[in-house]
Amino acid sequence: MRRPTLLLGAFGALVMLGAGCGIPAASDVRVDGKGGAATEAGVISRGSEPPTRTASGSVNEAFVRNFLSAAAGEPDRAYERVKAFVAPEDKIRLQDKKGSEVALNVVRLGEAVYTLNSDSTTTVKIAVQQIGVLRADGTLAPPVATETEYEFGLRSASFNGGINDDRAGLYVINPPNVLLLSDTALRQYYQEETIYFWSSDRTRLVPDQRYRPQAVPVERRVNEVVKWLVGGPSDWLRPAVVGLPDRTELINNATGGNGRWEVNLDMSGDDQNGIDQLITQIAWSLGDLTGQLELKIRNNAQPVVDLGERRDTPALYPHTASPQRYGVYDGVIHPLDFDGEPSGPVPLVPEANHNVVSASLGLAKDRRILAAMVVTGSSKTRYRLAVGTGADPVSVFNRSGAEYSSISRPVWLRAVDSRPGRGLVVADGQLYRFDETARMYPVPLNLPSAGVTAVAAALDGQRVALIAGGRLYVAAVNLDGAGVSIGPPRELVTSLTNPTAVDWGAEDQLVVAGSVGQPAIYEVSVDGALETPLRTDLGAKVNHLTAYPTNRSVRVPSGAYMYEANGVAYRSSPFERIEPGRVRDIAPVPAGVRPSNPTAPFFLY
């Protein structure tokens, strides 16, 4: 006789714990995911190792949760840790892999059903969403498995069903033949790390997200990061960056401690500028680790550098000013005033500031203003792109030759030099690049659906997020020459459906509007694995969203976002509606007349 037990509410709670870390879904509190300074060498952070098989006793839900965490940690022992949960007679079902071959199927957990069988075993069925494959090099590759459910059994580990059931714990029987890791375990037992690769034109560093097991002792952190750099960038990022020279290898392990680290590489070439760039790349890739670094190339020592000083020059991003908020009011761009925040005049001449639907203003390296606006054309339902650049205030604007029935908010691809500005915009479902003369050129995309609806550019100017065909993607941007090419987009798997708007909220995180049964805004990692609900009670679909990205060059509060839904604009931190009273320089509204709503808010930085 088989008797189904209750549907597992604990896994629903588990998913929310991983997504929001106990923070209410409507909270504006941000979860950065970045750890603080490294702890003392050899010390393993609390909670860095997943629980053992017997830690949960005979509690089914807790045991399964721990089973789906067991693979977490250093890859060479992943099969050993998982097999400890598997009944002796079934261990053979898991074929061991070693070293770089170890890969974990990361899944987002859904509903689970426990059925007690007549032989006292329990059948477990768990619904999952495949997120990706965690490789030994810390990258999360797109998912390979297509299963939406896994089924396995549980049995007591005690002999003859004796009185020691609880202490003996449980075993998994008929286990899946792959290593599974829940998204909650990924968040709990791994540290998000950002390493950097030089752009294809070697003008800037581009972030690449990795995951380092928290069980890895701190003194090996330098070694792990250098191994990642030697191994090259994540697959989706390759079109935009360059790796280390071919056949570069680490000679022995990186060594050191107490504030001094030594790295010895077998690397071809004696280009001193390239070696100097590598030192900068390593310094930024080590996060906030302090101390001195001695790089050796084939045992030849380079001058010792201070990691903190190297990160100060050059800066990772060129702009360090706090952002200013603007919005559109009755077709005109106006500053938005909030206490404690900088607010300046609109950097456009009044003659150019009219019939505006949405806009993007940026600061170039030479402090020029880059202005791109969507303006009404021959009718209120036809639109053009207007672009102007120059000193504040910008006075000369060019307009696109064609009109469109829809145009997204344009975005600038930020540069670290004085080359002419370039940007991206979506018009009538097609992605275009534009230049300072407002000329628009189609950008080919290798996507199942050509219906692009939104684009957002990262602060480094080498990565974009896209929404196309109701799906969320990221892609690398190559800016060699005068054109813009975009590498094969990578689809991100998230809990959100029907995404409508996106922007970059941090180096490796997106702010995405979509639906989880009702309109919501989530923070999603650049690989889709980690997500945090920011707002789940919007009440209306978001049609416009903008964020000021957290980054390591700007030591001011960031991570703010603004959005528009149903013709009303809102801001975060604190969450509130943007009232007309926040709009500067507007004429008083006559008595009895309802004021307009500010729309299409954005940041200037």
Side-chain angles (χ1 to χ4, degrees), residues 8 11-12 14-15 18-19 50 63-83 85-86 90-114 123-154 172-190 209-211 213 234-236 447-448 469-474 488-497 524-531:
L8 177 62
F11 268 120
L14 175 62
V15 173
F63 175 81
V64 171
R65 181 171 64 243
N66 293 345
F67 171 60
L68 296 176
S69 302
E74 300 199 58
D76 58 355
R77 291 184 52 239
Y79 279 88
E80 176 186 338
R81 292 190 297 271
V82 173
K83 283 189 171 184
F85 283 73
V86 178
D90 283 342
K91 291 183 189 292
I92 195 172
R93 292 173 61 94
L94 278 174
Q95 298 299 315
D96 287 25
K97 296 180 181 179
K98 301 297 182 182
S100 61
E101 295 181 349
V102 175
L104 313 183
N105 282 30
V106 182
V107 294
R108 185 168 290 118
L109 303 176
E111 185 178 66
V113 178
Y114 291 77
T123 299
V124 183
K125 292 183 179 180
I126 303 177
V128 300
Q129 184 182 43
Q130 299 285 347
I131 298 175
V133 177
L134 182 62
R135 296 172 174 167
D137 64 359
T139 61
L140 188 76
V144 175
T146 58
E147 286 84 356
T148 59
E149 181 182 81
Y150 287 101
E151 178 177 335
F152 51 90
L154 306 179
V172 173
I173 55 177
N174 300 317
N177 61 357
V178 295
L179 296 186
L180 298 177
L181 183 74
S182 71
D183 61 329
T184 306
L186 178 66
R187 185 186 292 271
Q188 185 171 1
Y189 300 113
Y190 290 82
Q209 185 169 27
R210 302 296 170 102
Y211 295 93
S234 297
D235 293 341
W236 73 274
L447 287 173
R471 298 170 182 263
L472 178 65
Y473 299 87
V474 291
R490 172 182 172 173
E491 183 179 353
L492 304 187
V493 182
T494 77
S495 298
L496 287 168
T497 60
V524 178
S525 61
V526 73
D527 52 23
L530 305 179
E531 53 184 34

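Fair warning: this is a prediction, and the values are worked out from it, not measured in the lab. Both backbone and side-chain heavy atoms feed into the values below; hydrogens, waters and symmetry mates do not.
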Below 4.5 Å, heavy atoms only, C-beta onward: do Arg93 and Asn174 meet side chain to side chain?
-> yes
Do you see a donor-acceptor pair shorter than 3.5 Å between the side chains of Tyr211 and Asp527?
-> yes
Between Glu149 and Ile126, is any pair of side-chain heavy atoms under 4.5 Å apart?
-> no
In terms of side-chain heavy atoms, does Ser495 have a donor or acceptor partner in Glu531 at a distance below 3.5 Å?
-> yes
Look at the side chain of Gln129 and the backbone N and O of Val107, then say whether any donor-acceptor pair between them is shorter than 3.5 Å.
-> no
Evaluate the side-chain proximity of Val113 to Val124: yes if any heavy-atom separation is below 4.5 Å, no if none is.
-> no
Ignoring hydrogens and angles, tell me if any N or O in the side chain of Arg210 forms a donor-acceptor pair with the backbone of Asp137 under 3.5 Å.
-> yes
Do Val102 and Asp76 have side-chain heavy atoms sitting under 4.5 Å apart?
-> no
Between CG of Leu104 and CG of Leu180, what distance do you get to the nearest 0.5 Å?
-> 9.0 Å
Taking side chain as C-beta onward, heavy atoms only, is Pro143 less than 4.5 Å from Val493?
-> yes
Working to the nearest 0.5 Å, report the span between CG of Leu179 and NZ of Lys83.
-> 9.5 Å
Could you give me the CA-CA distance, side-chain angles and deciding distance for Tyr150 and Val178, then say whether side chain to side chain contact (heavy atoms under 4.5 Å, CB included) is met?
-> CA-CA 11 Å; Tyr150 287 101; Val178 295; 4.2 Å; yes
Just by distance, do the side chain of Arg490 and the backbone of Val474 share a donor-acceptor pair under 3.5 Å?
-> no
In terms of heavy-atom contacts, does NZ of Lys91 have more than 12 from other residues, nucleotides or ligands at under 6.0 Å?
-> yes
